[in-house]
Amino acid sequence: MSGHGLGRLFPPDLTGYHDGAEVSLPVALVSQHDIAQRLGLNVTDLTCLGHVIGAGERHLSAGDLAQHANVSTGAITGVINRLERAGYVSRQPDPADRRRVRVVLDENAATRVYAVYGPHYRRLAALAAEYTPQDRAVLADWFTRARQAMEESLQEIREPAQADPQP
């Protein structure tokens, strides 16, 4: 295990894993900031836009979007306002419940986002093509399970710390 960086955070049985993570984590964090800036957004707004895009035709309510992004309902109002002003989303009444507002992706928003992410996705597609279908299945399984592990870890982090019981 290396004596610097993230290597100290990983147990010895994960040697090799942290070598890639040590480089990937900072690049991922900085890239989110750079991508958000290129799209005229902040990272929280980009995250929310990603949830809206990911929801597709399901159209998230403002409350659902707040929950997905782990922000307050008050904060999500500001996010939606900024996304609306930037031309990425609009608010529409929920046909099933007029008291609720759905956040709907603007028809040109996906094109604008793809213009920034497209080159990266093409590089990933070229990289994936170098692997066999079996290798890609293993990678897909790993990423699916890693996401589940991350969601569990985030839930633990977000839960208020429980006081140790007194003897």
Practice problem: Mind checking ring-ring contact (aromatic ring centres under 6.0 Å, His included) for Tyr131 and listing every partner two or more places apart, or none if nothing turns up? | Solution: none
Practice problem: State which residues pass ring-ring contact (aromatic ring centres under 6.0 Å, His included) with His51; sequence neighbours excluded, sorted by chain then number. | Solution: His68
Honestly curious: do [X] and [Y] fall in one hydrophobic cluster under the side-chain, below-4.5 Å linking rule?
| X | Y | answer |
| --- | --- | --- |
| Val52 | Val104 | no |
| Val101 | Leu105 | no |
| Leu127 | Leu139 | yes |

Quiz item: Is there a side chain to side chain contact (heavy atoms under 4.5 Å, CB included) between Val103 and His59 once you walk through the steps?
Solution: CA-CA 6 Å; Val103 182; His59 304 303; over 6 Å; no
Identify the two heavy atoms, one from [X] and one from [Y], that lie closest to each other, and give their separation to 0.1 Å.
| X | Y | result |
| --- | --- | --- |
| Ala66 | Ser72 | CB-O, 4.0 Å |
| Val43 | His33 | CG2-CA, 3.7 Å |
| Leu83 | Asp45 | CD2-O, 3.8 Å |

Self-check item: Leu41 side chain reached by Arg82 side chain, heavy atoms, under 4.5 Å
Solution: no
Quiz item: Quick one: are Met150 and Leu154 in side-chain contact, heavy atoms under 4.5 Å?
Solution: yes
Please list, one pair per line, the donor and acceptor atoms closer than 3.5 Å that link side chains of residues 74-81 to other protein atoms, with sequence neighbours excluded.
from  : atom 1 : to    : atom 2 : distance (Å)
Thr77 : OG1    : Thr73 : O      : 3.3
Asn81 : OD1    : Arg91 : NH1    : 3.0
Asn81 : OD1    : Arg91 : NH2    : 2.7
Asn81 : ND2    : Thr77 : O      : 3.3

Nearest-0.5 Å distance that lies between atom [atom1] in [X] and atom [atom2] in [Y]:
| X | Y | atom1 | atom2 | value |
| --- | --- | --- | --- | --- |
| Asp94 | Leu60 | CG | CG | 11.0 Å |
| Gln148 | Ser153 | CD | OG | 12.0 Å |
| Leu49 | Ile35 | CG | CD1 | 11.5 Å |
| Arg147 | Glu152 | CZ | CD | 12.5 Å |
| Thr47 | Asn42 | OG1 | CG | 8.5 Å |

Self-check item: Partners passing side-chain hydrogen bond (donor to acceptor under 3.5 Å, both in side chains) against Asp64 (at least two apart in sequence or in another chain)
Solution: Ser61
Quiz item: With Asp106, which residues qualify under side-chain hydrogen bond (donor to acceptor under 3.5 Å, both in side chains), at least two apart?
Solution: none
Quiz item: In this structure, which one of Ser90, Pro95, Pro93 forms a side chain to side chain contact (heavy atoms under 4.5 Å, CB included) with Arg102?
Solution: Pro95
Quiz item: Got more than 12 heavy atoms from elsewhere within 6.0 Å of CD, Gln92?
Solution: yes
Quiz item: Do other residues, nucleotides or ligands put more than 12 heavy atoms under 6.0 Å from the CZ atom of Arg158?
Solution: yes
Quiz item: If you measure only the distance, is there a donor-acceptor pair under 3.5 Å linking the side chains of Thr144 and Asp141?
Solution: no
Show me the donor-acceptor pairs, under 3.5 Å and distance only, between side chains in residues 111-121 and residues at least two apart or in other chains.
from   : atom 1 : to     : atom 2 : distance (Å)
Arg112 : NH1    : Ala86  : O      : 3.0
Arg112 : NH1    : Gly87  : O      : 3.3
Arg112 : NH2    : Ala86  : O      : 3.0
Arg112 : NH2    : Tyr88  : OH     : 3.2
Tyr114 : OH     : Arg122 : NH1    : 3.4

